[in-house]
There are 2 protein chains.
Amino acid sequence: MDAIDRKILAYVQKGGRDSYAEIGAAVGLSISAVNERLKKLHTCGAIQFWSAAVDPRAVGRPILAYTQVLTAGARSDDVDAFLNAVRRNDAVLECHHVTGRWSYLLKIRTESLESLEALLSGIAAAPGVTQTHTELALSSLKETSVVPLAADGT
Amino acid sequence: MDAIDRKILAYVQKGGRDSYAEIGAAVGLSISAVNERLKKLHTCGAIQFWSAAVDPRAVGRPILAYTQVLTAGARSDDVDAFLNAVRRNDAVLECHHVTGRWSYLLKIRTESLESLEALLSGIAAAPGVTQTHTELALSSLKETSVVPLAADGT
DNA sequence: GATGAAACTCTGGTTTC
DNA sequence: GAAACCAGAGTTTCATC
């Protein structure tokens, strides 16, 4: 993982289907070298998978919410059941164990307020869940999953 | 935007560099048809760009934080300046205007607690910012940007 | 679908540390 | 000596018809 690897990663996060020739031109490498580096970045886990960035609004998933969940006082088994349900539900994009007053922070993307309500009702009623609080996103100034990669870094 | 388009989108969010033949086999289309559909999905904005999903921990960006920002009472110009600074800073992955007690919710990814502290100090000191509150992610059960796409949807 | 053009994979050889 | 890079041939894949 050197500076060239980071340049490649920075590039392919925005140009994931560009040819190896283009990537090579951008980072100063031959086609073969780009091929080898990318293969290595994939096997070492730096590149998890290749993806198309889909606009949620263009495909009918305009509702975005962040839900804080408290599990204090719940049985460990119940919390595990809640987390498994979260893992299986693909409307829940993110689930983080967080510091502070709350236990978990969920990022949720749905088709409508109705489906959000149904999902939140299910979460609030789960045995492992003590309390919830939801904030709705009215608009998004930016929303990316591109990992910042300057020339330095570890 | 029909059911096949949604199947294509669901597929390419996880297999973004697969060949058109593989995509076609998965959704029941010829190579040419996949080619045409993808081109259309790109021009209509459903596919924003192609990307490699990079593991933040594998590239030295392990710190993840969510910061709530209050701008109540601030001058409109100052809030705009804050938002522009946010837009330019690529450590801020997301910025949403949200309902509830806070004005904005920021998702921040940094290399270290030190760089997070520096970033948060800057935000808290901005003229447009009245108050902030930050929660640190201790661990992440899931973190994806894959938009959920069932067979239905709009 | 078929065809020309482009891109990818793999091998072998060279350089560098 | 090992690791990384480059170049070329053969194969696959893509874009246009």
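Residue numbering restarts at 1 for every chain, and letters A, B, ... go by the order of the sequence lines.
- Counting non-hydrogen atoms of other residues, nucleotides and ligands closer than 6.0 Å to CZ of A:R57 gives a total of 12 or fewer.
- B:F49 and B:V147 are members of different hydrophobic clusters when ILVMFWY side chains are connected at heavy-atom separations under 4.5 Å.
- Atoms CG (A:D2) and C1' (D:dA4) sit 10 Å apart, rounded to a whole Å.
- DNA chain D is contacted by both A:I4 and B:E22; A:I4 maps to the nucleotide lying nearer its 5′ end (nearest heavy atom per residue).
- At least one side-chain nitrogen or oxygen of A:R17 sits closer than 4.0 Å to the OP1 or OP2 atom of D:dC14.
- Within 3.5 Å, no donor on the side chain of A:S19 pairs with an acceptor on the base of C:dA7, nor the reverse.
- With rounding to whole Å, B:D18 atom CG is found 15 Å from D:dC14 atom C1'.
- Taking atom CG of A:D5 as the reference point, atom P of D:dA3 lies 15 Å away to the nearest angstrom.
- When the side-chain nitrogen and oxygen atoms of A:Y20 are compared with OP1 and OP2 of C:dT9, one or more of them lie within a distance under 4.0 Å.
- Within 4.0 Å of B:S32, counting heavy atoms only, lies at least one base atom of the nucleic acid.
- Residues A:E135 and B:T99 share a closest heavy-atom pair of CG-O, 3.6 Å.
- Taking only side-chain atoms of A:N35, from C-beta outward, the nucleotide of D:dC5, D:dT16, C:dC10 with the closest atom is C:dC10.
- Comparing A:A21 and B:E36, the nucleotide of DNA chain C nearest to each residue sits closer to the 5' end for B:E36.
- Here A:K39 does not reach the OP1 or OP2 of C:dC8: none of its side-chain N or O atoms lies under 4.0 Å away.
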Exercise for the section: For B:D2 and B:R37, run salt bridge (charged side-chain N to carboxylate O under 4.0 Å, His left out): C-alpha distance rounded to whole Å, both residues' side-chain angles, the deciding distance at 0.1 Å, then the answer. Expected result: CA-CA 11 Å; B:D2 58 6; B:R37 293 248 187 185; 2.8 Å; yes
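- Using cut-offs of 30° and 60° on the angle between ring planes, the pair A:Y104 and A:H97 is parallel.
- Of the side-chain N and O atoms in A:K40, none sit less than 4.0 angstrom from OP1 or OP2 of D:dA3.
- Residue B:I31 is out of contact with every strand shown, counting any heavy-atom pair closer than 4.0 Å.
- Rounded to whole angstrom, the span from the CG atom of A:L38 across to the C1' atom of D:dC5 amounts to 15 Å.
- In this structure, A:L29 places its CG atom 15 Å from C1' of C:dT16, rounding to the nearest Å.
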